[in-house]
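Here the structure is a predicted model, which means the values were calculated and not measured. Heavy atoms only: backbone and side chains are in, while hydrogens, waters and symmetry mates are out.
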Amino acid sequence: MKICILRGPNEPVYESLKQALESHHHLVQIFSIDQKTPLLDLTNALEKFRPDFCLTINFYVFDEWYSGGRELEGYLESKSIPVGSIYWDAPWASGTYSLLDRMNKGPFSKNILFLVIDRAHEEFFLKRGVKALFLRSAVDVKFSQIVPSEELSRKFSFPVSYVGSPIKQIFFKVQSEQRLHDIYIRIMQGELGIWLENSASLSKEEAGRETEIVRPFVSQFLRDFHHDAESFEKSENIFYGEVERFLRPASYVTFERFRARVEFLYSWMQLHTYLVRLLPEDLRVFGGNEWSEFLLPGYSHSSPRLTNEELSACFKNSKINFCLTKWQFRTAVHEKPLQILLSNGFPLTDDRSDLKDYFAQGEIISYRSFEEAKDL
């Protein structure tokens, strides 16, 4: 089979995919894509290669040309070329608003199959008429081959570290945990207002009134920390039940449709709160300068995005690598704890039911609450 890999960010996983597919005797070619890549150049290259199948990571390559249209998707669909999207992200996570928009307006391309790491994702997509298939989490084998220098090993030797991209919606300093809570309420209100204007055809004033109705329920929902999928879903259903009682029907339909986005912001609120509370434990945070510039009150260190060698050094040499899984992944084991173990590091991760499918009892240490995480 002739397979093209549509590559967005230049990460080793694409080369690993190519090697794996070639080991099964497929003819594979990687097509690199960024915002400067003319769509015509890419389609001409695809015409020349004539692939039987395309493969990509998440959904970002389709966003490069997205401006209300679906140019690349439309081309692949017109040529009857199936596409597999290895979806390690959560639905509608940072930046993927084109996916949200087409889910809302429909129809979604029928030639795209989402390969997801969580059964809740599989159900999420299937309910919306989108093809999806559950696959277990995996780690890029190339990561295990990185050998950090002695200098980096010394530099990234911390008591506790966390590595992850920061949320992009906050552009002013978070000064306290209460302020953090208020900011997330505002973000959720603001996004709901946009959805109501665009999807429920409300005026800006009408949408504003509806979001004010929702505010106290959002506030309570964000304050509840959950430790298993069952308690989270119970709390979320109570939250939506309360909202439904007070919103007009058309507004509620819109609000419920974007449930995954609410879960995304809730997950960020919980992660953000954990990090703020763990700062006194000498926590070091990496993944983007927004962490140190805006998001962590009183944090006095830089928080750059790490190279793969720096990342390996941090995972290997930190005594504890803190992990927290977003709540869109109800039961899933994300790749971060696996990647840390592959680096001979020690992960401390939240307890998810699928952990028992990956590890024997006592083989990995997990926590079920902030208090337990801090104690461990």
> Looking only at heavy atoms, what is the nearest atom pair of Pro159 and Asp282, with distance?
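Closest approach of Pro159 to Asp282, heavy atoms only: CG-OD2, 3.5 Å.
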> Please tell me whether Asn317 and Ser157 have a donor and an acceptor in their side chains that are separated by less than 3.5 angstrom.
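No donor-acceptor contact under 3.5 Å links the two side chains.
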> Test Phe322 against Tyr367 for side chain to side chain contact (heavy atoms under 4.5 Å, CB included), laying out the working first.
CA-CA 10 Å; Phe322 178 74; Tyr367 60 89; 3.2 Å; yes
> Should Leu296 and Val276 count as side-chain neighbours, where that means a heavy-atom distance under 4.5 Å?
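Of all side-chain heavy-atom pairs linking Val276 with Leu296, at least one is under 4.5 Å.
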> Look at the side chain of Ser219 and the backbone N and O of Arg215, then say whether any donor-acceptor pair between them is shorter than 3.5 Å.
no
> Quick one: do the Ser32 and Arg7 side chains pair a donor with an acceptor below 3.5 Å?
yes
> Any chance the rings of His272 and Tyr184 have centres within less than 6.0 Å?
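When the ring centroids of His272 and Tyr184 are compared, they turn out to be within the sub-6.0 Å range.
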> Quick one: closest heavy-atom pair of Ser312 and Pro148, and the distance?
OG-CG, 3.6 Å
> Are Pro51 and Ile81 close enough that some pair of their side-chain heavy atoms sits under 4.5 Å apart?
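Yes. Closest side-chain heavy atoms under 4.5 Å.
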> Side chains of Asp182 and Gln178: is there a donor and an acceptor less than 3.5 Å apart?
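Indeed, the side chains of Asp182 and Gln178 share at least one donor-acceptor pair under 3.5 Å.
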> Do side-chain atoms of Asp375 reach the backbone of Glu371 as a donor and acceptor pair under 3.5 angstrom?
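No.
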> Using the side-chain contact (heavy atoms from CB on, under 4.5 Å) criterion, which residues pair with Asn344? Sequence neighbours excluded.
none
> Grab the two heavy atoms, one from Leu265 and one from Ile167, that are nearest each other, plus how far apart they are.
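Scanning both residues, the minimum pair turns out to be CD2-CD1, 4.2 Å.
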> Where does the angle between the aromatic ring planes of Trp268 and Trp291 fall among parallel (under 30°), tilted (30 to 60°) and perpendicular (over 60°)?
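Trp268 and Trp291: tilted rings.
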> Test salt bridge (Lys or Arg N to Asp or Glu O under 4.0 Å) on Lys204 and Glu197 and set out the steps.
CA-CA 6 Å; Lys204 191 169 185 176; Glu197 289 180 55; 5.8 Å; no
> Side chains of His226 and Ser235: is there a donor and an acceptor less than 3.5 Å apart?
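Per modelled atom types, His226 and Ser235 side chains form a pair under 3.5 Å.
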> Is the distance between the ring centroids of Phe217 and Tyr240 less than 6.0 Å?
no
> Ignoring hydrogens and angles, tell me if any N or O in the side chain of Lys173 forms a donor-acceptor pair with the backbone of Glu293 under 3.5 Å.
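Here the side-chain-to-backbone pair exists.
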> Using side chain to side chain contact (heavy atoms under 4.5 Å, CB included) as the criterion, point out the one residue from Val214, Leu202, Leu247 that pairs with Leu196.
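Running side chain to side chain contact (heavy atoms under 4.5 Å, CB included) over Val214, Leu202, Leu247 with Leu196 returns exactly one hit, Leu202.
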> Does Glu281 CD have over 12 foreign heavy atoms under 6.0 Å away?
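Atom CD in Glu281 is packed in, count exceeds 12.
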> Within the 4.5 Å heavy-atom criterion, are Ile5 and Lys18 side-chain neighbours or not?
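Touching, per the 4.5 Å side-chain cut-off.
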> Salt-bridge test for Glu191 and Arg261: reply yes if a basic N is under 4.0 Å from a carboxylate O, no otherwise.
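Yes, Glu191 and Arg261 are salt-bridged.
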> Without swapping roles, check the side chain of Ser267 against the backbone of Trp327 for a donor-acceptor pair under 3.5 Å.
yes
> With a 4.5 Å cut-off on side-chain heavy atoms, are Leu222 and His181 touching?
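Result yes, sub-4.5 Å side-chain heavy-atom pair found.
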> Before you tell me yes or no, could you show the steps for Tyr252 and Phe246 under ring pair (Phe, Tyr, Trp, His ring centres under 6.0 Å), namely the whole-Å CA-CA distance, both residues' side-chain angles and the distance that decides it to 0.1 Å?
CA-CA 9 Å; Tyr252 178 74; Phe246 292 95; over 10 Å; no
> Checking side chain to side chain contact (heavy atoms under 4.5 Å, CB included) against Ile86, which of Val116, Leu17, Ile117 comes through?
Leu17
> Could you list the residues that satisfy side-chain contact (heavy atoms from CB on, under 4.5 Å) with Ile183, not counting sequence neighbours?
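side-chain contact (heavy atoms from CB on, under 4.5 Å) check on Ile183 returns Ile170, Phe172, Val174, Arg179, Ile187.
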> Could you check whether Arg259 makes a cation-pi contact with Trp195, meaning its NZ or CZ is under 6.0 Å from the centre of the six-membered ring and within 45° of the ring axis?
no
> Closest heavy-atom contact between Leu376 and Ser366?
CD1-O, 3.6 Å
> Can you list the other members of the hydrophobic cluster that holds Leu338, where links are side-chain heavy atoms under 4.5 angstrom apart?
Val139, Phe143, Ile146, Leu152, Phe156, Phe158, Val163, Phe286, Leu306, Leu311, Phe315, Val333, Ile340, Leu341, Leu342, Leu355, Tyr358, Phe359, Ile364
> Should the heavy atoms of other residues, nucleotides or ligands under 6.0 Å from CD of Gln145 be counted, would the total exceed 12?
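Yes, the 6.0 Å shell around CD holds more than 12 heavy atoms from other groups.
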> Could you check Val83 against Leu113 for side chain to side chain contact (heavy atoms under 4.5 Å, CB included), going step by step and ending with a plain yes or no?
CA-CA 6 Å; Val83 179; Leu113 170 68; over 6 Å; no
> Lys79 and Glu47: salt bridge (Lys or Arg N to Asp or Glu O under 4.0 Å), yes or no, with the steps?
CA-CA 9 Å; Lys79 299 295 181 179; Glu47 291 279 359; 3.2 Å; yes
> In terms of ring plane angle, is the pair Phe232 and Phe221 parallel, tilted or perpendicular, where the classes change at 30° and 60°?
tilted
> Using a distance-only test with no angle check, is there a side-chain donor-acceptor pair under 3.5 angstrom linking Glu206 and Ser203?
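Glu206 vs Ser203: donor-acceptor pair found between side chains.
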> Give a yes-or-no answer on whether the side chains of Glu210 and Ser251 include a donor-acceptor pair shorter than 3.5 Å.
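Side-chain D/A pair, Glu210 to Ser251: present.
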> Near Lys336 NZ, under 6.0 Å, is it more than 12 heavy atoms from other residues, nucleotides or ligands?
yes
> How close do Lys110 and Gly129 get, heavy atom to heavy atom, and via which atoms?
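Closest approach of Lys110 to Gly129: NZ-O, 3.4 Å.
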> Does a donor on one side chain sit under 3.5 Å from an acceptor on the other, for Gln189 and Glu212?
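Judged by distance alone, the side chains do pair up.
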> What do the steps show when you test Lys127 against Glu123 for salt bridge (Lys or Arg N to Asp or Glu O under 4.0 Å), and what is the final call?
CA-CA 6 Å; Lys127 280 184 176 179; Glu123 182 182 353; 3.2 Å; yes
> Does some side-chain heavy atom of Phe31 sit less than 4.5 Å from a side-chain heavy atom of Leu46?
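Side-chain contact under 4.5 Å: yes.
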> Is the number of heavy atoms from other residues, nucleotides or ligands within 6.0 Å of NZ (Lys2) greater than 12?
yes
> Of the options Lys234, Arg330, Arg368, which is the one that meets Asp228 in a side-chain hydrogen bond (donor to acceptor under 3.5 Å, both in side chains)?
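The side-chain hydrogen bond (donor to acceptor under 3.5 Å, both in side chains) with Asp228 is passed solely by Arg368 among Lys234, Arg330, Arg368.
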> Check for me whether the distance between the ring centres of Tyr274 and Phe225 falls short of 6.0 Å.
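Under 6.0 Å, so yes.
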> Would you compute the distance between atom CG of Leu42 and atom CG of Leu72 and round it to the nearest 0.5 angstrom?
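CG of Leu72 is found 6.0 Å from CG of Leu42.
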